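This report refers to the structure that appears directly beneath it.
Numbers restart at 1 for each chain; the letters A, B, ... are given by sequence-line order, proteins then strands. Just so it is clear, the values below take in all heavy atoms, side chains as well, and ignore hydrogens, waters and symmetry mates. The shown structure was predicted, so the numbers you read here are calculated from the model rather than taken from an experiment.
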Number of protein chains: 2
Amino acid sequence: MTDPVDPPSKAANPGPPTSVDPGRPESSGERRIPEATVVRLPVYQRILEELLRSGNATVSSEQLAASARINAAKVRKDLSLLGSFGTRGSGYDAAFLIEQIDRELGLDQVWPVVIAGIGNLGRALANSQGFTTRGFTVVALLDVDPAVVGERIGDITVRHIDELEAVAAETSLSIGVIATPASAAQSVGDLLVGAGVRSLLNFAPTVLAVPPEILLRYVDLSIELQVMSFYQARLGVPSEEQRMPSIRSIGLTGA
Amino acid sequence: MTDPVDPPSKAANPGPPTSVDPGRPESSGERRIPEATVVRLPVYQRILEELLRSGNATVSSEQLAASARINAAKVRKDLSLLGSFGTRGSGYDAAFLIEQIDRELGLDQVWPVVIAGIGNLGRALANSQGFTTRGFTVVALLDVDPAVVGERIGDITVRHIDELEAVAAETSLSIGVIATPASAAQSVGDLLVGAGVRSLLNFAPTVLAVPPEILLRYVDLSIELQVMSFYQARLGVPSEEQRMPSIRSIGLTGA
DNA sequence: CGATGTGAAATGCTTCACAGCA
DNA sequence: TGCTGTGAAGCATTTCACATCG
């Protein structure tokens, strides 16, 4: 009971500390993708899509790297973790690569998303590209304000959060997005979990407590602003990070 | 011209590779704060504020770690980089710690922020806690839509982006926030830079090109959603990351 | 006694550098 | 020849473990 945060996991590691030749995981036991890589994959997606739109069917690691402002070796290593999808001498096929990344990110399936809190942020999310394209469908919008309940956004009507049970009965919900004021976030989170949501994405500026089996991530709209303040305040930006990307937004992960 | 992304910096490192006893940097040459730490500082802030509100004046690294879902040693190491602000045997004084972190993040000064693109997201940002509390003031709201220009949000009237020059003459602008559709982002960014903004925070889902002397950061509202998809798709979340935080939102930094 | 602060070890991530394939 | 894929080296960050101090 000394450290509630650090359950025995490292010591009880299933695999031996010094490798006994893992044999390079094949098609069945997929390669381990570092989270650092996972977070870059959506960035590559975005760049690839832009390249495609501007008529580039093929792209080199150098080009991708230049757009993402990272090192080309990193791009190649990231992509090689998904498989050998490039063609030596010419590069990667943009469309094909997008497909592969989608598959890796699990965006080849569709996650039903419910958004709670239909203020400005909730509306922005409901309409945002990232929530409406590949991989996600917004299946429900919830609020408590009678002035908002009943309103139609896109092709979805905002419902009262008391109807959550009914909504859950109609459609499956896998991801809950909290866009409420901080004061409501915890209780809304509890309700969503009660309704069977497996993951929570919290935009409210508060620390949420949820059961460990719920995947919890947390986005702070002002965190980059604060990081900017830090670097702006000391114009001697760390030489290494100067052109470095860093991909963020607080995420708390539970089991 | 082979690698436009990676200027010589590592090799030309000022400090010797093996330390010659740096002598522990004192008050003048501040300690180097790793970016990983910088990004956690706002998280600590939020937790500290909540603890304060709930009547806890003192907090231990264990408590902070439990709330942030990270290792207590990490908390202690992070905080010790700012100075020795804890009291052995009892912990940290929450209010004092908040102050110190503010100072470290440069939030003891006030950065004038201009938000371009007053749709749902722009409004959400303009009203968001993170943009209106310590460290930042929203000094201008800009849009092109005649239906929006002239509208009053909080105590600021939305102005047409053509008035940017005039705005810049009236008040200093240090941070520009882009909350426009992707299609407008690049030109708006150019305008803001032209108006003297030193940093850009881009919420538009597009890759922005800006001069290297501009500090550029980029937030993707759906990136965590995509990361969720990845982990949800393979319910065997990496055992190590299970309770790990990770703090994100794409950031592209230019000198 | 309890909790900080911190060397040193462990781990993870990035970058280099180059073999190898189209 | 050009660009990928990848061991191995180099860094950064995390975690341990414990001396230290209020």
Side-chain angles (χ1 to χ4, degrees), chain A residues 2-3 5-11 13 15 17-19 24 31-40 58-65 68-93 97 238-241 243-247, chain B residues 2-3 5-11 13 15 17-19 21-22 24 31-40 58-65 68-93 97 238-241 243-247:
Chain A
T2 332
D3 192 350
V5 166
D6 224 20
S9 56
K10 174 86 46 60
N13 217 349
T18 312
S19 73
R24 176 89 68 69
R31 312 153 197 74
R32 280 285 162 271
I33 312 281
E35 195 181 308
T37 295
V38 173
V39 166
R40 278 189 297 267
T58 301
V59 59
S60 70
S61 60
E62 287 288 352
Q63 291 173 63
L64 266 174
R69 308 229 191 165
I70 61 180
N71 186 292
K74 199 188 283 183
V75 173
R76 290 200 298 275
K77 185 138 279 188
D78 282 344
L79 296 181
S80 75
L81 288 170
L82 317 192
S84 286
F85 298 140
T87 306
R88 289 165 200 244
S90 67
Y92 302 87
D93 179 86
L97 196 48
S239 56
E240 218 45 36
E241 284 295 342
R243 289 155 194 289
M244 286 269 312
S246 50
I247 299 171
Chain B
T2 329
D3 191 350
V5 167
D6 221 24
S9 55
K10 173 87 45 60
N13 216 348
T18 313
S19 75
D21 176 32
R24 176 89 69 67
R31 314 152 198 73
R32 279 288 161 268
I33 313 281
E35 195 182 310
T37 295
V38 172
V39 166
R40 279 189 296 267
T58 302
V59 59
S60 70
S61 61
E62 288 287 351
Q63 291 174 63
L64 267 174
R69 308 229 190 163
I70 60 180
N71 186 291
K74 199 190 280 181
V75 173
R76 290 200 296 278
K77 183 138 280 183
D78 282 346
L79 297 182
S80 76
L81 289 169
L82 317 192
S84 286
F85 299 139
T87 307
R88 289 166 200 240
S90 67
Y92 302 87
D93 179 86
L97 196 49
S239 57
E240 219 44 38
E241 284 293 343
R243 293 156 190 289
M244 286 268 313
S246 51
I247 300 171

Could you walk me through whether A:T87 and A:D93 pass the side-chain contact (heavy atoms from CB on, under 4.5 Å) test, one step at a time?
CA-CA 8 Å; A:T87 306; A:D93 179 86; over 6 Å; no

When you look at B:R32 and B:L81, which way does the side-chain contact (heavy atoms from CB on, under 4.5 Å) test go after all the steps?
CA-CA 8 Å; B:R32 279 288 161 268; B:L81 289 169; over 6 Å; no

Go through it in stages, so that I can follow the logic: the residues are A:V75 and A:R40, the test is side-chain contact (heavy atoms from CB on, under 4.5 Å), and I'd like the CA-CA distance, side-chain angles, deciding distance and then a yes or no.
CA-CA 9 Å; A:V75 173; A:R40 278 189 297 267; over 6 Å; no

Criterion side-chain contact (heavy atoms from CB on, under 4.5 Å) on B:I33 and B:D78, from CA distance to verdict:
CA-CA 8 Å; B:I33 313 281; B:D78 282 346; over 6 Å; no

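Note that OG of A:S80 is 10.0 Å distant from CZ of A:F85, once rounded to the nearest 0.5 Å.
Regarding contacts with the backbone of D:dT4, a side-chain N or O of A:S61 is found under 4.0 angstrom from either OP1 or OP2. Within the 4.0 Å cut-off from OP1 or OP2 of C:dG5, at least one side-chain nitrogen or oxygen of B:Y92 is found.
Partners of B:S60 according to the side-chain contact (heavy atoms from CB on, under 4.5 Å) rule, which considers only residues two or more places apart in sequence or in another chain, are B:E62, B:Q63.
Side-chain to base pairing of B:K77 with D:dT14: no donor and acceptor N or O lie closer than 3.5 Å to each other.
Taking the side chain of B:S84 as heavy atoms from C-beta on, and the options C:dG5, C:dT4, C:dA17, the nearest nucleotide is C:dG5. Listed nucleotides: D:dC3, D:dT14, D:dG5. Nearest to the side chain of A:R76: D:dG5.
Atoms NZ (A:K74) and P (D:dC11) sit 15 Å apart, rounded to a whole Å. Residue A:I70 contributes atom CD1, which lies 14 Å from atom P of C:dC13 at whole-angstrom precision. Residue B:E62 contributes atom CD, which lies 14 Å from atom C1' of C:dG5 at whole-angstrom precision. Remark: P of D:dT6 and CG of A:D78 are 13 Å apart, rounded to the nearest angstrom. We find that CG of B:L81 is positioned 14 Å from C1' of C:dT4, with the value rounded to whole Å. Between the P atom of C:dA17 and the CG atom of A:N71 lies a distance of 11 Å, rounded to the nearest Å. When rounded to the nearest whole Å, the span between CZ of A:R32 and P of C:dT11 equals 16 Å. In this structure, A:L79 atom CG and D:dC3 atom C1' are separated by 13 Å, rounded to whole Å.
In this structure, B:L64 and B:L79 have side chains that are in contact, with non-hydrogen atoms separated by less than 4.5 Å.
Mapping B:G91 and B:S80 onto DNA chain C by nearest heavy atom places B:G91 at the nucleotide closer to the 5' end.
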Distances under 3.5 Å between nitrogen or oxygen atoms of protein and nucleotides 20-22 of chain C:
unit_1	atom_1	unit_2	atom_2	d
C:dG20	N2	A:R88	NH1	3.4
C:dG20	N3	A:R88	NH1	3.1
C:dA22	O4'	A:R88	O	3.4

